[in-house]
Enquirer: 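To start, I am sharing the structure in question, which I have written as structure tokens.
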Amino acid sequence: MYEQEKINPYGKQGEKGQLVETMFDNIAPTYDTLNHRLSWDIDKGWRKKAIKLLEPYHPKSILDIATGTGDFAILAAQKLTPDKLIGADISEGMMEIGWQKVKRLGLDDVVSFQKEDCMAMSFSDETFDAVTAAFGIRNFQNLDQGLREMCRVLKRGGHLSIAELTTPVSFPMRQLFRVYSHTFLPLYGRLISKDQSAYSYLTATIEAFPQGEKMMEILREAGFSKVSFKRLTFGICTIYFAEK
């Protein structure tokens, strides 16, 4: 069991998936605003870099895991022009906001949303040309199982692109990020979202989540090959790229 799997929203006991669903339903109305403000809009560039890695492969069917309010799914649909893109998430509150954005942009003929338990998805084996995830897999209650599922639904020769928040490894950014994530981030998150502990939970999972070479090893064990990673913005975000 990885350390982030032991951390539950609100510090409550119980099934982590249900607690995560409740938390994201609670913060859904303010999630986009906080994501962009707390990252100074740099998160938009991180998503673009993760999607750019898929451009040479021209995927026609894409699954976006932990899609949230659909920012990554929408950008992938615009940049990669697939025939079909499904955003999957456990939180219907988040996906409802994503669906409204998709309709406003006229992408509803390509992008759809579907509630899924990422530990046991309803899709058949080898369904998608590409699987993506942005800032969501660290909330999995079982990381190994979630990644195995992502590998299962990916076609052989298909590609995985993940962007995840991580802890900087070098001085002084590591120390500065720790101060920021333990003071301003949870305080501002609580002020805007009105949720007393959601952003403290998110900070805790960033610090506990395996990263770099360790995450590469975990991805290989889940069935992926040609695994690589790249740290962005001094290591605040890491992109993982792999092939099945």
Side-chain angles (χ1 to χ4, degrees), residues 1-11 16 19-20 23-24 26-53 65-69 71-72 75 94 132-140 143 147 160-219 227-242:
M1 188 179 213
Y2 303 107
E3 287 303 309
Q4 83 282 353
E5 295 173 1
K6 303 174 186 176
I7 304 169
N8 280 352
Y10 310 116
K16 180 165 183 169
L19 293 169
V20 168
M23 181 191 73
F24 279 110
N26 287 344
I27 65 175
T30 57
Y31 182 79
D32 284 342
T33 298
L34 279 165
N35 247 15
H36 301 324
R37 288 183 184 176
L38 290 170
S39 71
W40 307 94
D41 273 344
I42 300 172
D43 63 303
K44 297 177 182 178
W46 296 336
R47 289 186 184 90
K48 288 178 182 177
K49 290 180 184 298
I51 289 168
K52 191 172 181 62
L53 292 173
I65 294 289
T67 194
T69 60
D71 277 359
F72 199 76
L75 193 60
M94 297 281 278
T132 61
F135 319 126
I137 65 169
R138 72 182 190 282
N139 296 306
F140 284 179
L143 178 61
L147 292 174
L160 173 75
S161 187
I162 294 173
E164 188 53 82
L165 295 171
T166 45
T167 304
V169 295
S170 301
F171 177 86
M173 186 52 69
R174 182 180 179 87
Q175 287 72 20
L176 291 171
F177 181 74
R178 180 172 177 80
V179 172
Y180 175 78
S181 63
H182 281 265
T183 54
F184 180 77
L185 192 153
L187 179 62
Y188 191 68
R190 184 163 60 246
L191 178 67
I192 301 300
S193 71
K194 309 304 179 186
D195 190 298
Q196 292 299 306
S197 62
Y199 284 84
S200 295
Y201 159 80
L202 294 171
T203 294
T205 58
I206 293 169
E207 293 179 342
F209 192 71
Q211 61 185 56
E213 288 80 3
K214 176 61 177 175
M215 188 63 190
M216 288 176 63
E217 179 185 327
I218 292 168
L219 286 164
V227 182
S228 62
F229 76 94
K230 183 177 182 179
R231 292 188 173 97
L232 306 175
T233 318
F234 307 102
I236 295 173
C237 174
T238 302
I239 292 177
Y240 299 94
F241 195 73

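These numbers come from the heavy atoms of this one structure, side chains and all, not from hydrogens, waters or symmetry mates. Keep in mind that what you see is a predicted model, and the values were worked out from it rather than measured.
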Enquirer: Kindly give the heavy-atom pair with the smallest separation between I137 and L143, and that separation in Å.
Expert: O-CD1, 3.9 Å
Enquirer: Which atoms form the tightest heavy-atom contact between V227 and A242, and what is the distance?
Expert: CG2-CB, 3.9 Å
Enquirer: Please give me the minimum heavy-atom distance between Y199 and G189, naming the atom from each residue.
Expert: CD1-CA, 3.8 Å
Enquirer: Throw together a table of side-chain donor-acceptor distances under 3.5 angstrom for residues 206-213, partners on residues two or more places apart or in other chains.
Expert:
from : atom 1 : to   : atom 2 : distance (Å)
E207 : OE1    : H182 : NE2    : 3.4
E207 : OE2    : R178 : NH1    : 3.2
E207 : OE2    : H182 : NE2    : 2.5
Q211 : OE1    : T167 : N      : 3.0
Q211 : NE2    : T167 : O      : 2.9

Enquirer: Please check: side-chain N/O of R174 versus main-chain N/O of V169, any donor-acceptor pairing under 3.5 Å?
Expert: no
Enquirer: Taking I7's backbone N and O only, do any of them form a donor-acceptor pair with K16's side chain (distance below 3.5 Å, no angle check)?
Expert: yes
Enquirer: How long is the straight-line distance from CG of L34 back to CG of L191, given to the nearest 0.5 Å?
Expert: 9.0 Å
Enquirer: Please examine the side chains of L160 and L219, heavy atoms only from C-beta on, and report whether any two atoms are closer than 4.5 Å.
Expert: yes
Enquirer: Do you know which two heavy atoms are closest between T233 and I42, and how far apart they sit?
Expert: OG1-CG2, 3.7 Å
Enquirer: From L19 CG over to Y10 OH, what is the distance, rounded to the nearest 0.5 angstrom?
Expert: 8.5 Å
Enquirer: Please find the pair of heavy atoms, one from M216 and one from S228, that lie closest to each other, and give the distance.
Expert: CE-CA, 4.2 Å
Enquirer: What is the distance from atom CD1 of I162 to atom CE of M215, rounded to the nearest 0.5 Å?
Expert: 5.0 Å
Enquirer: Could you check whether the rings of Y188 and F184 sit parallel, tilted or perpendicular, using 30° and 60° as the cut-offs?
Expert: parallel
Enquirer: I'd like to check L176 versus F234 (side-chain heavy atoms, cut-off strictly below 4.5 Å). Are they in contact?
Expert: no
Enquirer: Keeping T203 on the side-chain end and S181 on the backbone end, is there a donor-acceptor pair under 3.5 Å?
Expert: yes
Enquirer: Is it true that Y201 and D195 share a donor-acceptor pair across their side chains at a distance under 3.5 Å?
Expert: no
Enquirer: Heavy atoms, side chains only, cut-off 4.5 Å: are R138 and L202 in contact?
Expert: yes
Enquirer: Would I51 and T132 count as a side chain to side chain contact (heavy atoms under 4.5 Å, CB included) here? Give the steps.
Expert: CA-CA 8 Å; I51 289 168; T132 61; 5.9 Å; no
Enquirer: Working note: D71 + Y31, criterion side chain to side chain contact (heavy atoms under 4.5 Å, CB included); need CA distance, chi angles, decisive distance, verdict.
Expert: CA-CA 11 Å; D71 277 359; Y31 182 79; over 6 Å; no
Enquirer: For F229 and Y240, take the angle between the two ring planes, folded into 0 to 90°, and tell me which bin it lands in: parallel under 30, tilted 30 to 60, perpendicular over 60.
Expert: tilted
Enquirer: Hey, does the side chain of T166 reach the backbone of G235 with a donor-acceptor pair shorter than 3.5 angstrom?
Expert: yes
Enquirer: Listed by chain and number, what are the side chain to side chain contact (heavy atoms under 4.5 Å, CB included) partners of T33, not counting sequence neighbours?
Expert: R37
Enquirer: Closest approach of P186 and Y180, non-hydrogen atoms and distance?
Expert: CD-O, 4.3 Å
Enquirer: Measure the NZ-OG distance between K52 and S161 for me, rounded to the nearest 0.5 Å.
Expert: 12.5 Å
Enquirer: Under the criterion side-chain hydrogen bond (donor to acceptor under 3.5 Å, both in side chains), which of D41, N35, D43 is the partner of S39?
Expert: D43
Enquirer: For F135 and W46: C-alpha separation, side-chain torsions, deciding distance, then whether side chain to side chain contact (heavy atoms under 4.5 Å, CB included) applies.
Expert: CA-CA 10 Å; F135 319 126; W46 296 336; 3.7 Å; yes
Enquirer: Check whether E164 reaches the backbone of G136 with its side chain - one donor and one acceptor, N or O, closer than 3.5 Å.
Expert: yes
